[in-house]
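What follows is a set of notes on a single structure, which appears directly below.
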Amino acid sequence: MQILKVTDEAFRRYGKVIKDLDVSDIITAMSETPCPDDVVYEPSIESLEACKSAQSVSDSLYGGMPIQIGYCNGHNHLLNAVEYHRDSEINIAVTDLILILGKEQDITEDHTYDSSKMEAFLIPAGTTIEVYATTLHYAPCNVAASGFKCVVVLPKGTNTDITLEEKHTPEDDLLFARNKWLLSHPDANIAGSVAGIKGENLSVK
C-alpha cells in the first residue's frame, strides 16, 4: 500500500492531529506495557488513567465526559477487520505506527465493504490524533520490527462485553462489543463477526 503522512490533506477526511496537548506522562507510563508478538488490546489501564494529563484529555477532547485510557500494542501488518464507534477515538502513537482507514458511509446496506477504498497513514511517535466516529479503523500496523505501541482513549465502557437480548435494527448484526460495530475479512477468521470485507486483506508489507 501507499503510506501517506498524517499531515497529508487526505487525512482530514478521517480525523485530525491534536496539537498543544501535553500527554508526555501517558507516553512515559506506556513503557511498562508489553509488546507481544501478536496484538493485545486493553481498554482501561489504571496507571494510564492516573496520569495528570488524563484529566486534560477528558476535559479538552471529550468535553468532560467520562473516558477510559488503554492501549493496543504488538506486531501486525494486516487490515483483518474494520470497526467504528459512536464517538471519536483518540490515539497517541508511542512508537511510529501505521493506521489503515476508511469511511463508515461506504459500508453497503447488506453489510459489505470494499477494502480498496481504504488509505494508510504513518503516525509518527509522539503524535496525538482524533479518529472521527465515522472512520473505519482497526489495530495499528508496526513500522519497525520491534512492533508498535498505541494509547487508545474512548468514552468509558467502550469495547467491553455486551449481550443484546433483542435486535432492533439491521446494524445490530455488526455490534461486536459495547459501542463497537465491526466487519471482518474472511481471512482473519474472527469468531462471532460478520465477514463482510470484500477484496484484499490489505497489508502494509
Side-chain angles (χ1 to χ4, degrees), residues 3 5-6 15-85 87-101 120-133 135 137-162 176-180 182 188 190 204-205:
I3 310 299
K5 295 180 179 179
V6 72
K16 65 182 178 183
V17 176
I18 304 297
K19 300 178 180 179
D20 302 323
L21 183 65
D22 183 3
V23 292
S24 56
D25 55 345
I26 294 177
I27 292 175
T28 298
M30 280 288 289
S31 64
E32 302 299 321
T33 61
C35 189
D37 291 337
D38 53 1
V39 175
V40 60
Y41 170 69
E42 294 290 346
S44 179
I45 297 296
E46 184 176 354
S47 61
L48 303 181
E49 294 170 351
C51 291
K52 184 177 180 180
S53 66
Q55 188 63 51
S56 301
V57 172
S58 172
D59 291 344
S60 295
L61 304 185
Y62 284 96
M65 288 177 57
I67 60 169
Q68 61 191 31
I69 304 178
Y71 64 77
C72 187
N73 295 353
H75 292 71
N76 178 51
H77 64 274
L78 292 170
L79 171 64
N80 287 329
V82 296
E83 68 179 14
Y84 59 94
H85 312 292
D87 313 82
S88 289
E89 176 175 315
I90 302 301
N91 291 154
I92 304 169
V94 179
T95 65
D96 290 349
L97 54 88
I98 295 168
L99 290 178
I100 304 174
L101 305 176
F121 295 88
L122 171 64
I123 319 298
T127 304
T128 301
I129 62 170
E130 176 182 356
V131 177
Y132 296 147
T135 295
H137 61 282
Y138 202 53
C141 299
N142 47 293
V143 175
S146 55
F148 71 86
K149 286 190 173 186
C150 181
V151 177
V152 179
V153 186
L154 282 159
K156 195 170 185 63
T158 299
N159 289 331
T160 57
D161 292 341
I162 187 173
F176 196 73
R178 196 174 304 276
N179 193 23
K180 174 188 181 115
L182 182 139
I190 299 176
V204 300
K205 278 191 174 181

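Quick caveat, the model's predicted, so the values are computed rather than measured.
- Summarising the geometry, atom CD1 belonging to Ile3 is positioned 8.0 Å from atom SG belonging to Cys141; distances are rounded to the nearest 0.5 Å.
- Here the shortest heavy-atom pairing between Ile26 and Leu48 reads O-CD2, 4.0 Å.
- Looking at Ile100, Leu97, Leu122 one by one, the single match for side chain to side chain contact (heavy atoms under 4.5 Å, CB included) with Val204 turns out to be Ile100.
- For Asp161 against Arg178, the heavy-atom pair with the smallest separation is O-NH2, 3.1 Å.
- The backbone N or O of Pro34 sits nowhere less than 3.5 Å from a side-chain atom of Tyr71 that would complete a donor-acceptor pair.
- Within the 4.5 Å cutoff, side-chain heavy atoms of Val57 are placed close to those of Leu21.
- Residues Asn80 and Tyr138 have side chains that never bring a donor and an acceptor to within less than 3.5 angstrom of each other.
- Here CD1 of Ile190 is found 6.5 Å from CZ of Phe176. Values are rounded to the nearest 0.5 Å.
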Worked check of side chain to side chain contact (heavy atoms under 4.5 Å, CB included) between Phe148 and Ile98: CA-CA 9 Å; Phe148 71 86; Ile98 295 168; over 6 Å; no
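- Defined by atom type and a distance below 3.5 Å, a donor-acceptor pair is present between the side-chain atoms of Glu49 and Ser44.
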Quick one, Asn91 with Ile123, criterion side chain to side chain contact (heavy atoms under 4.5 Å, CB included). Give me CA distance, side-chain angles, the key distance, then yes/no. CA-CA 10 Å; Asn91 291 154; Ile123 319 298; over 6 Å; no
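- Atoms CD and OG, on Gln55 and Ser60 in that order, are 9.5 Å from each other to the nearest 0.5 Å.
- In this structure, Thr128 and Ile90 have side chains that are in contact, with non-hydrogen atoms separated by less than 4.5 Å.
- Atoms CG and CD1, on Leu101 and Ile129 in that order, are 7.0 Å from each other to the nearest 0.5 Å.
- For Asp22 against Asp25, the heavy-atom pair with the smallest separation is O-OD1, 4.5 Å.
- Taking OG1 from Thr127 and NZ from Lys5, the interatomic distance works out to 12.0 Å, rounded to the nearest 0.5 Å.
- From Ile92, atom CD1 reaches atom CD1 of Ile18 across 10.0 Å, with rounding to the nearest 0.5 Å.
- Nearest heavy atom pair, residue Pro43 against residue Thr158, reads CB-O, 4.1 Å.
- Looking only at side-chain heavy atoms (C-beta outward), Tyr62 and Val153 come within less than 4.5 Å of each other.
- Of all the heavy atoms in Cys72 and Tyr41, the pair that sits closest is CB-CD1, 4.1 Å.
- Residues Asn159 and His85 are in side-chain contact: their nearest non-hydrogen atoms beyond the backbone lie under 4.5 Å apart.
- Closest approach of Ala125 and Val94 over heavy atoms only: CB-O, 3.6 Å.
- A donor-acceptor distance shorter than 3.5 angstrom exists from the side chain of Lys149 to the backbone of Thr33, with no hydrogens or angles considered.
- Of the possible donor and acceptor atoms, one in the side chain of Asn142 sits under 3.5 Å from a partner among the backbone N and O of Asn76.
- Side-chain contact between Lys156 and Ile67 is absent, with no heavy atoms from C-beta onward closer than 4.5 Å.
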Test side chain to side chain contact (heavy atoms under 4.5 Å, CB included) on Cys150 and Met30; report intermediate values, then the result. CA-CA 9 Å; Cys150 181; Met30 280 288 289; over 6 Å; no
